[in-house]
Amino acid sequence: MIHTILDTDLYKFTTSYAYIKLFPNALGTFSFKDRDETAYTDIFLKSLREAVTYMAQVALTTDELEYMTSHCRFLPRVYWEWLSSFRFQPDKVKIYLDEDCHLNIEITDYLYKATLYEVPLLAIVSEIKNQTLGNIADLDDILCKLSEKVTLSNEHQLSFSEFGTRRRFSFDVQDKVIGYLKQTSQYCTGTSNCHFAMKYDLKPMGTHPHEWFMFHGAQFGYKHANYMALENWVNVYDGDLGIALSDTYTSKVFLNNLSRKQAKLFDGVRCDSGDEFEFADHLIARYHELGIDSTTKIIVFSNALDFGKALDIQEYCRGKIRCAFGIGTNLTNDTGYKPSNIVMKLTQCKMNVNQEWRECVKLSDDAGKHIGSEAEVRACLYDLRNDD
């Protein structure tokens, strides 16, 4: 299921390198959450453990090293050379079912290594779940629906990237979908999956995840998290990878914190939760407040999109701000079966082995999607009260 270490999202590597550069001694725990509270079986658990054990055999090849070095100028060769020596360690991954048969997965390690487990583990869970349920993908039906989506994109010049690794139906379905996009889509700008970017000569896409802001919130305080996370990202990437994620502590707080320097330096903002139309209005207003022409900036929308909704958003933004779309599950798991609603998030971290663990929190513009204990979420909301 995971046959290459490049079978993951680009931002796992960019975040890994940022930890190495700035916080090489920081440790963290990533924890799995199934938002649907699915009851899993012992058969599923056995297959999952076998797949995780197999991950130890995955290694970066020489060809992959050369490809990533030449196609990601923002990551130095020394990172890929380090990655060629990296191996997943299955014994660090705790997997069990609780008394209600809910799945629990945790991985704890230095953050520059721990972050690399998230996307592969989610992809494995999604695929094995489909296998154990006996779900079989009808590729003809998938490609027929995909043809309609590509036609809509081509006719309306709708730019999008494929973001579907973590909740894909299977590796093979994602492979077929991206192969079809390569052949037929005029406005597919790339894929977040580095393996398929290499295989199909597409641009690898991505910047940074929520965990980067969650780490900063835990270590430096929630009020300062957005500003410091962006400042540190610039310190590492010097203007590359310039799409800022907005909703770790709600987009309203993010926009209040957004400085003119950061607004001018970053190419745009990613909207990953909440009402996309309201977000566009608020971001445009903030750019204007800061004396910035919003038509020179871009919003990347990535919150559970389909192509019809993306087209509505594009029409709404026309003439106001540029937009693009990261479309995931609707591309790689539009099979007629209910996709898994699963995440892995950073739940605790510490700057070094001597520091006590600090809980990590993620708020959201969508109701019911906060991450963290009730007490810590309340503390975060209280801390941010003057910005809310």
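The model shown is predicted, which means the values in this text are computed figures rather than measured ones.
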(message) If we check ring pair (Phe, Tyr, Trp, His ring centres under 6.0 Å) with His208, which of these qualifies: Tyr237, Phe213, Phe74?
(response) Phe213

(message) Taking side chain to side chain donor-acceptor pair (under 3.5 Å) as the definition, give me every residue that meets it alongside Asp293, ordered by chain and number, with sequence neighbours left out.
(response) Thr295

(message) Strictly distance-based, threshold 3.5 Å: is any side-chain N or O of His282 a donor or acceptor partner for the main-chain N or O of Ala280?
(response) no

(request) Please indicate whether Asp98 has more than 12 foreign heavy atoms, meaning atoms of other residues, nucleotides or ligands, lying under 6.0 Å from its CG. (result) yes

(message) Distance check, rounded to the nearest 0.5 Å: Leu346 atom CG versus Leu111 atom CG?
(response) 6.0 Å

(message) Does either side chain, that of Gln157 or that of Gln186, offer a donor lying less than 3.5 Å from an acceptor on the other one?
(response) no

(request) Establish, yes or no, whether the cationic atom of Lys320 lies under 6.0 Å from the six-membered ring centre of Tyr316 and within 45° of the ring axis. (result) yes

(request) Locate the shortest heavy-atom distance separating Leu241 from Gly206; write the atom from each residue and the value. (result) CD2-O, 3.3 Å

(request) Please answer whether the main-chain N or O of Tyr40 pairs with a side-chain N or O of Thr38 as donor and acceptor at a distance below 3.5 Å. (result) no

(request) Would you please say whether a donor-acceptor pair under 3.5 Å links the side chains of Thr250 and Asp365? (result) no

(message) Does atom NZ (Lys338) have a neighbourhood of more than 12 heavy atoms from anything else shown, all under 6.0 Å?
(response) yes

(message) Run Arg166 and Asp9 through salt bridge (Lys or Arg N to Asp or Glu O under 4.0 Å) and show every step you take.
(response) CA-CA 8 Å; Arg166 66 187 58 228; Asp9 290 340; 3.3 Å; yes

(message) Applying the ring pair (Phe, Tyr, Trp, His ring centres under 6.0 Å) criterion to Tyr112, which one of Tyr17, Tyr19, Trp82, Phe13 satisfies it?
(response) Trp82

(request) Would you check if there is a donor-acceptor pair between the side chains of Asn135 and Asn130 at a distance under 3.5 Å? (result) yes

(message) Check Asp42 with Lys46, please: is the shortest side-chain N to carboxylate O separation under 4.0 Å?
(response) no

(request) For Ala137 and Phe169, work out which heavy atoms get closest and say how close. (result) CB-CE2, 3.5 Å

(request) Look at atom OH of Tyr96 and say whether more than 12 heavy atoms of other residues, nucleotides or ligands are closer to it than 6.0 Å. (result) no

Hey, can you pull the donor-acceptor pairs under 3.5 Å for the side chains in residues 99-107, sequence neighbours left out?
from, atom 1, to, atom 2, distance (Å)
His102, ND1, Glu37, OE1, 3.4
His102, NE2, Glu37, O, 3.4
Asn104, ND2, His102, O, 3.1

(message) For a quick test of reading the model, state the closest non-hydrogen atom pair linking Arg260 to Gly291 and the distance between them.
(response) NH2-O, 4.1 Å

(message) Run the side chain to side chain contact (heavy atoms under 4.5 Å, CB included) test on Asn257 and Val253 for me, step by step, so that the C-alpha distance in whole Å, both residues' side-chain angles and the decisive distance to 0.1 Å come before the verdict.
(response) CA-CA 6 Å; Asn257 292 160; Val253 169; 3.6 Å; yes

(message) So that I know where these two stand, are Trp80 and Phe86 an aromatic pair - ring centroids less than 6.0 Å apart?
(response) no

(message) Looking at Ile43, I want to see if its CD1 is surrounded by more than 12 non-hydrogen atoms of other residues, nucleotides or ligands under 6.0 Å.
(response) no

(message) Under a 3.5 Å distance rule, please check whether Glu81 uses its side chain to pair with a backbone N or O of Leu83 as donor and acceptor.
(response) no

(request) In sequence, state the C-alpha distance, the side-chain angles, and the governing distance for Thr329 and Arg167, and then conclude on side-chain hydrogen bond (donor to acceptor under 3.5 Å, both in side chains). (result) CA-CA 6 Å; Thr329 307; Arg167 298 188 189 104; 4.5 Å; no

(message) Between Thr332 and Glu162, do the side chains contain a donor N or O and an acceptor N or O under 3.5 Å apart?
(response) no

(message) Looking at Leu122, is its backbone amide N or carbonyl O close enough to the side chain of Ser126 to form a donor-acceptor pair, meaning the two atoms are under 3.5 Å apart?
(response) no

(request) Start with the C-alpha distance between Thr15 and Glu211, add both sets of side-chain angles, then the distance that settles side-chain hydrogen bond (donor to acceptor under 3.5 Å, both in side chains), and finish with yes or no. (result) CA-CA 9 Å; Thr15 307; Glu211 73 180 80; 5.3 Å; no

(request) Say whether, by atom type as modelled, one donor and one acceptor occur between the side chain of Asn226 and the main chain of Ser251 under 3.5 angstrom. (result) no

(message) What I want to check is whether the side chains of Asn193 and Asp7 have a donor and an acceptor closer together than 3.5 Å.
(response) yes

(request) Taking the six-membered ring for Trp and the single ring otherwise, decide whether the centroids of Phe23 and Phe215 are under 6.0 Å apart. (result) yes

(request) Output the distance between atom CD (Glu315) and atom SG (Cys323), rounded to the nearest 0.5 Å. (result) 9.0 Å

(request) For Ser364 and Asp366, indicate whether the former's side chain and the latter's backbone hold a donor-acceptor pair under 3.5 Å. (result) yes

(request) Check for a donor-acceptor pair, side chain of Gln314 on one end and backbone N or O of His156 on the other, with a separation under 3.5 Å. (result) yes

(message) Tell me whether the rings of Tyr67 and His71 are parallel (<30°), tilted (30 to 60°) or perpendicular (>60°).
(response) parallel

(request) Using the salt bridge (Lys or Arg N to Asp or Glu O under 4.0 Å) rule, take Lys309 and Glu276 through it: C-alpha gap first, then chi angles, then the decisive distance, then the call. (result) CA-CA 10 Å; Lys309 185 173 183 179; Glu276 291 86 354; 3.1 Å; yes

(request) Given salt bridge (Lys or Arg N to Asp or Glu O under 4.0 Å), test Lys199 with Asp175 step by step and report yes or no. (result) CA-CA 9 Å; Lys199 179 175 180 178; Asp175 191 3; 2.8 Å; yes

(message) I'd like to know if the side chain of Thr29 and the backbone of Gln348 have a donor-acceptor N/O pair within less than 3.5 Å.
(response) no

(request) Kindly give the heavy-atom pair with the smallest separation between Ala263 and Ile292, and that separation in Å. (result) CB-CD1, 3.5 Å

(request) Would you indicate whether the side-chain heavy atoms of Lys203 and Thr189 approach each other to under 4.5 Å? (result) no

(message) Assess the residue pair Asp240 and Arg73 against the criterion (salt bridge (Lys or Arg N to Asp or Glu O under 4.0 Å)); give the C-alpha distance rounded to whole Å, side-chain angles, the decisive distance to 0.1 Å, and a yes or no.
(response) CA-CA 9 Å; Asp240 278 324; Arg73 63 183 177 81; 2.8 Å; yes

(message) Tell me if a side-chain donor or acceptor on Ser185 pairs with a main-chain N or O of Val150 at a distance below 3.5 Å.
(response) no

(message) Between Arg87 and Ser84 (side chain of the first, backbone of the second, donor and acceptor by atom type, cut-off under 3.5 Å), is there such a pair?
(response) yes

(message) Looking at every heavy atom in both Leu255 and Arg286, which two are closest together, and how far apart are they?
(response) O-NE, 2.9 Å

(request) Classify the side-chain pair Asn303/Ser273 by whether it contains a donor and acceptor separated by less than 3.5 Å. (result) no

(request) Among Ile, Leu, Val, Met, Phe, Trp and Tyr joined by side-chain contacts under 4.5 Å, find the other residues sharing a cluster with Leu202 and list them by chain and number. (result) Phe171, Ile178, Phe196, Tyr200

(request) Indicate whether the side chain of Thr248 and that of Lys362 have a donor and an acceptor atom separated by less than 3.5 Å. (result) no

(request) Mind checking the OG-CD1 spacing from Ser294 to Ile299? Nearest 0.5 Å is all I need. (result) 8.5 Å

(request) To the nearest 0.5 angstrom, please state how far the CD atom of Gln131 sits from the CD1 atom of Ile124. (result) 10.5 Å

(request) Measure from the ring center of Tyr117 to the ring center of Phe88 and say whether it is less than 6.0 Å. (result) yes

(message) Does atom CG (Leu22) have a neighbourhood of more than 12 heavy atoms from anything else shown, all under 6.0 Å?
(response) yes

(message) For the residue pair Glu64 / Thr4, report whether a side-chain donor-acceptor contact shorter than 3.5 Å exists.
(response) yes

(message) Are there over 12 heavy-atom neighbours, none belonging to Arg318, within less than 6.0 Å of that residue's CZ?
(response) yes

